[in-house]
Amino acid sequence: MLFKSRRDKRQTFISREGLRSDSDNGAYVAFVEQTLTDHSLFHHFKKSPVYQQILEHTTEEQGRQYLALICEQAPHFLDLLDRFAVNDLVGGANVIQFNDRCRISPSTLRYAKVASDLHSLFGTSLEGGHVAEIGVGYGGQRLVLDQLYRFRSYDMYDLPPVLGLASKYLESHLLQSSYRTKTLNTHNGEKEYDLVISNYAFSELPAIVQRMYIEKVLQKAARGYLTMNSGRVDSVFSKGKMTLEEIQTLISNTRILEEKPCSAPGNYVLVWGSAGLD
Ligand SMILES: C[S@@+](CC[C@H](N)C(=O)[O-])C[C@H]1O[C@@H](n2cnc3c(N)ncnc32)[C@H](O)[C@@H]1O
């Protein structure tokens, strides 16, 4: 009975039509709402097919590729994998024995790879910084980054029920720094961030919502790291999204990196800012 929502086809939408991201598909939010009240479902939510349509679908092969990239660009991260694997203790993660030293889920390896990219790009300049993450899922990236940095603040932007799940998830762990949950509408746009992160999330929003995030959050951030699956003609999610050119006219000095490993055609990582002091 764990995955009842799959059969009862319940649908919940947060935003009105025209303002919905590709993940706000009815079934996803309905499932997330269920995890808030059904404790046994919460303990296995990462295994749900409805949930895996949106998140937690990284394959074992992709996991191997993330591990190889981490070895290449941040070998000292290998000693931290045990700490990152704290992200697999709750929610029924798909844990795999990759080698003698590494028992971890492919999804946690993806969060670790993003952490190693951030470390390579921005170094220790992030320590003590103010961070925003747009589209946080269950908070896995937040938990992995907590093993590395003590941020002064970390604002998590998502839909209200999804933020409820992320809070429930993070409250079942122990963080060394902190987090706050926010929606775009509850944010007045005045805060200056040292870094904004968004993986497969800002890029899945309709253009009108993307423009508001740019105005209120992205343009206020000294550094950015966005894994994008829209914006190019060959990107999978491009319908109704801003083009890459349009985004680049609104955010100064962006650079485009390949997504490694490339998880879908037309994906890329949009980055700005440096490792130095602002
Ligand atoms: C494909 S998931 C990616 C989640 C996470 N970044 C990861 O890499 O695992 C897309 C995320 O965008 C979130 N999302 C949907 N609409 C949103 C909105 N209006 N503002 C912020 N996040 C939103 C979804 O709830 C989900 O957490």
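When a ligand or atom number is given, it counts from 1 through the structure's own listing order. Remember, it's a predicted structure, so these values are computed and weren't measured experimentally.
- For atom 2 (S) of ligand 1, the candidate residues are Ile54, Val114, Val162, Thr58; the nearest heavy-atom contact is made by Ile54.
- Between atom 10 (C) of ligand 1 and the options Tyr138, Tyr200, Tyr111, the minimum heavy-atom separation is to Tyr200.
- Contacts with ligand 1 closer than 4.0 Å are made by side-chain heavy atoms of Leu55 only, the backbone lying farther away.
- Considering every non-hydrogen atom in both Val86 and His173, the closest pair reads O-CE1, 3.2 Å.
- Nearest protein heavy-atom neighbour of atom 26 (C) of ligand 1: Tyr28 OH, 3.5 Å.
- Of all heavy-atom pairs between Leu109 and Gly63, the closest is CD1-O, 3.4 Å.
- Taking every non-hydrogen atom of Gly137 and a distance limit under 4.0 Å, the qualifying atoms of ligand 1 come out as 4 (C), 27 (O).
- One finds a salt bridge joining Arg101 and Asp79 here, because a Lys/Arg side-chain nitrogen approaches an Asp/Glu carboxylate oxygen to under 4.0 Å.
- The heavy atom nearest to atom 23 (C) of ligand 1, out of those in Asp158, Asn229, Ile14, Ile134, is found in Asp158.
- Comparing heavy-atom distances from atom 6 (N) of ligand 1 across Gly135, Pro161, Ser203 singles out Gly135 as nearest.
- Summarising the geometry, atom CZ belonging to Arg211 is positioned 12.0 Å from atom CG belonging to Leu205; distances are rounded to the nearest 0.5 Å.
- If you look at Asn199 next to ligand 1, the close heavy atoms, those under 4.0 Å, come from the backbone and the side chain alike.
- Relative ring orientation between Tyr213 and Phe202 is described as perpendicular, the plane-to-plane angle rising above 60° on a 0-90° scale split at 30° and 60°.
- If you look at Phe77 and Phe84, their ring centroids are closer than 6.0 Å.
- Look at Ser23 and you'll find a heavy atom under 4.0 Å from some atom of ligand 1.
- Considering only non-hydrogen protein atoms, atom 20 (N) of ligand 1 sits nearest to Tyr213 OH, 2.8 Å.
- The aromatic rings of Phe31 and Tyr51 are tilted relative to each other, their planes meeting at an angle between 30° and 60°.
- In summary, Lys239 and Asp22 do not engage in a salt bridge, as defined by a charged side-chain N under 4.0 Å from a carboxylate O.
- To the nearest 0.5 Å, atom CE of residue Met156 and atom OH of residue Tyr179 are 6.0 Å apart.
- Among all protein heavy atoms, the one lying closest to atom 15 (C) of ligand 1 is Ser21 OG, 3.1 Å.
- Contacts between Arg20 and ligand 1 below 4.0 angstrom, taking non-hydrogen atoms only, are absent altogether.
- At least one heavy atom of Arg110 lies less than 4.0 angstrom from ligand 1.
- With a heavy-atom cut-off of 4.0 Å, Leu205 touches ligand 1 through its side chain alone.
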